[in-house]
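What follows is a short report on a single structure.
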Amino acid sequence: MSENEENLIFNPSQQVIDGAIVKEYDQLYKYSIENREAFWAEQAEMLGWYKKWDKVLDSSNPPFYKWFVGAKTNIIHNAIDRHQTTANRNKLAFLWEGEDGLVRTFSYHALNREVSQFASVLKSMGVVKGDIVTIYMPQIPELVFAMLACAKIGAAHSVVYGGFSSEALLERITDAKSRVVITADGGFRRGKATQLKDIVNKALEMCSVVEVVITVRRTGEDVYMENDRDYWYHDLKALPIASTKCETEVMNSEDMLFLLYTSGSTGKPKGLVHTHGGYSVYTSTTHRMVFDIKPEDRFWCAADPGWITGHSYIVYGPLINGSTIFLYEGAPNHPYPDRWWKMIDKYGITILYTSPTAIRGLMRYGESWVNRHDISGLRLLGSVGEPISPEAWKWYHRVVGKGKAPIMDTWWQTETGGFMITPIPITPLKPGSATKPFFGNELGVVDDEGNDVKTGEQGNLVIKAPWPGMTCCINEDKERYYDTYWKRFEKQGWYSAGDAARIDKDGYYWIIGRTDDVIKVSGYRLGTAEVESALATHHLVAEAAVIAVPHELKGNAIHAFVVLRHGTEQSRVLEAELKEHVGKVMGPIAKPEAVVFVDLLPKTRSGKIMRRVLKARALGLDEGDLSTLEE
Ligand code: PRX
C-alpha cells in the first residue's frame, strides 16, 4: 500500500455518528483492555442465563481458556426462546428467497415452532445431548432450522459446505462420528438443481457410522432413498412425534455448540470447536456494536451458512440480537447481474455484509445494473474473508453505499468465532485497512522472535490475550490445537494467526495475507496439503506441489506443479483431467487454475518442498536463498 493510500481517509457523516450505538472508540477500548473481564461481564449481562457464571475467565491452564465458568445457558435460550415473551415474538426473524423466486418468511414465533419441530424429530431419531450431527445442505431455511434444532437439544452440529465432494464429506462425517446426517435432495444454482443427496449416498457407500439420513425436499428431483436409513423430513414432520413444543436443553457455558472443519497446513482438515457461552456473548456483542444494530434493521450476510461467517453472522449473532435476517439460495448473477440489488430493494435490506470476491464479481458487470434499483436504504456495508483492494473498496462505497454507507472491513477467522480487527461505524476509514482491534482484544505485528516490528513493516499477526469467541480446541486433539496456534509464540503465550500484516503510523492494521500453507481462493480457505494429496490420488501423478498466485477475480488462484509417473506423457488432456480430478476429490472450489508438468520439485535436503521457489518462479520474482535446495 502506498503512502498516499494510507493517507486517504473517509470520515463518517454526522448522521452516522449521531445514530451510532457506540459513539467513541479510544476510551472504551482502553477500558476494555484494562478491565477485560469486567467489560465482557457487562456484555454477558445483556443476555439471559439459566445460571450466571462463577468466574468470567479461567486462565489457569493456558491456552485452554474457559469463559463464563459455572454458567448454565443454551445459545437457543437467547437466539429464540427469549424473544417469545417480548415484542420480538411477532417480528420477522427470517426472510428467505429461493433462486427460483420462491419466498418464505418466519416470525420469531414461527422460527420457534420450526426449530422445535426439527428438534423433536431429531430426538425421535435418537439424537441426544453430546452427539455430533452432520449437516450437508443447500442454502434453504431448513439448514438454519437444523443447526438451531441441534443446539436446542444439546447436540453439536457439524455443517459441511454444500460445495464439498463426497470424499470431503465422508472424511468429515467419519472424523465427527456422526450417527445422523441431515441433507436435502438438492438446491438451485444458476437455474440447475444440484444433486446433494447423490453425493451423500456416495459418501455413505464407504461409511459405517451413519445410521439415519434425514432429507429435506427442495428441488423435487428423483433421489435414491435406502430403506431403514433414509427418511424424508416432510414425512417425519407430519408425524405426532414432531411436536412444536420441545424443551431447550440446559448446557454448561463450555459445552460444545458446533464443530466446523477448516483447512490448515497439514492434509487433514481441523474440526474446530465453539461453545455455547463465550460464543453467544462474542457474536452478539460484535454484531451489535460493529453493525450498529437497530430493531428495524434488515441484515443480510451474503455468506454461505456452511462457513463460520454464516454461523456467526447469519445465524447466531443476529438472532440473539433479535434482528431480521435475510438468506438467498442461489447465484448473485442469476438470472441477471442485478439479482442482489433487486432483492435489497425489494426487501428493504439496510445492512449488507459480503466478501471482496463477491464485490469484484459484481463490479465486473458495471454500475448500471446496480443503478436500476433503489438500494438507498443500505446504511452500512461489510467485507470479510480476504483483503479488499482500495479499488474494490471505493466502488463498493460509491456505487453500493452511495458514498454514505461506511464499510466495516472485518478481519477474523474460523478460530476466532467473531470479528477481531474491525472498524465501528464512527471509525474514520482507510480503504483496504481493517482499521483497529475490536474492544477487549490486544493484537500485535511481530517478527519471528516476537519483537514488535517497526511501524509500517510487515510481520506476523498475533493475538495477545484471550477473547470469549475463541475456539476452545480442535475436536479430540488438544496437542494439534496447541501446536498449530500457540507453539510458535509459546514463550509469550500468544495466538499465532498465520497472517502477515502491517500497522501504519495511525495504528491501523493492514492485512497482507496468509504466511502458512493456507490459500484463500475467492475467500474460501484451502490447504495446499489437501490439494496436493488430492492430486496424488490420481494414478498418473507421482508428486505434486501447489501454490497461490494472485488472481483478479478470485483474489488467489491455485497453480499446481505436477511430476508424472515415469513414462507418462504430458498432454493438455491430462492437464484438464487433473483439474477435474481435484474438483471431484475435494469440490469445485479447489480446482487448480493451472497445472504445470515438471520433472522435479524443488526440495530442501530434508525433503521439504520449497513452495517459495515455485512461487518466485511463477511470478518472475527473485528466488532468494537457494542454499538449502537439494538439487
Ligand atoms: O487470511 C485471513 C483472511 O481469512 C483468513 C481466515 O479464513 P477463515 O477461517 O475461512 O475465515 C474467513 C471468515 C472470517 C484470515 O486468516 N481474512 C478474513 N477476513 C479478512 C481476511 N483478510 C483480510 N481482510 C479481512 N477482512
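Each ligand, and each atom within it, is numbered from 1 in the order the structure gives.
Residues Tyr279 and Ser312 bring a donor and an acceptor atom of their side chains to less than 3.5 Å of each other.
Of all the heavy atoms of Ala434, none lies under 4.0 Å from any atom of ligand 1, so neither backbone nor side chain is involved.
Between Thr410, Ile388, Val384, it is Thr410 that holds the heavy atom closest to atom 26 (N) of ligand 1.
Regarding atom 24 (N) of ligand 1, its nearest protein heavy-atom neighbour is Glu386 O, 3.3 Å. The nearest heavy-atom contact from the protein to atom 15 (C) of ligand 1 is Asp499 OD2, 3.1 Å. Distance from atom 18 (C) of ligand 1 to its nearest protein heavy atom, with residue and atom name: Trp412 O, 3.3 Å. Annotation: atom 13 (C) of ligand 1 to nearest protein heavy atom, Thr309 OG1, 3.4 Å. Among all non-hydrogen protein atoms, the one lying nearest atom 7 (O) of ligand 1 is Lys520 NZ, 2.9 Å. Nearest protein heavy-atom contact of atom 3 (C) of ligand 1 is Gly385 O, 3.3 Å.
With respect to Lys270 and Glu171, no salt bridge is recorded, no charged nitrogen being found less than 4.0 Å from a carboxylate O.
More than 12 heavy atoms of other residues, nucleotides or ligands shown are found within 6.0 angstrom of NZ on Lys520.
Judged by the 6.0 Å distance and 45° axis criteria, Lys478 is positioned over the aromatic ring of Phe64. Note that Arg172 lies in the cation-pi zone of Phe164, set by a 6.0 Å cut-off to the ring centre and a 45° limit from the axis.
Close N/O approach between Ser383 and ligand 1 is not found [any backbone or side-chain N/O within under 3.5 Å].
Short contacts between ligand 1 and Pro387, defined as distances under 4.0 Å to a heavy atom of the residue, involve ligand atoms 22 (N), 23 (C), 24 (N). Each of the following atoms of ligand 1 lies closer than 4.0 Å to a heavy atom of Thr414: 8 (P), 9 (O), 10 (O), 11 (O).
For the pair Gly382 and Tyr396, the tightest heavy-atom approach, listed with the atom from each and the gap, is O-OH, 2.8 Å.
In terms of modelled atom types and a separation under 3.5 Å, the side chain of Ser433 and the main chain of Thr435 share a donor-acceptor contact.
Using cut-offs of 30° and 60° on the angle between ring planes, the pair Trp486 and Tyr495 is perpendicular.
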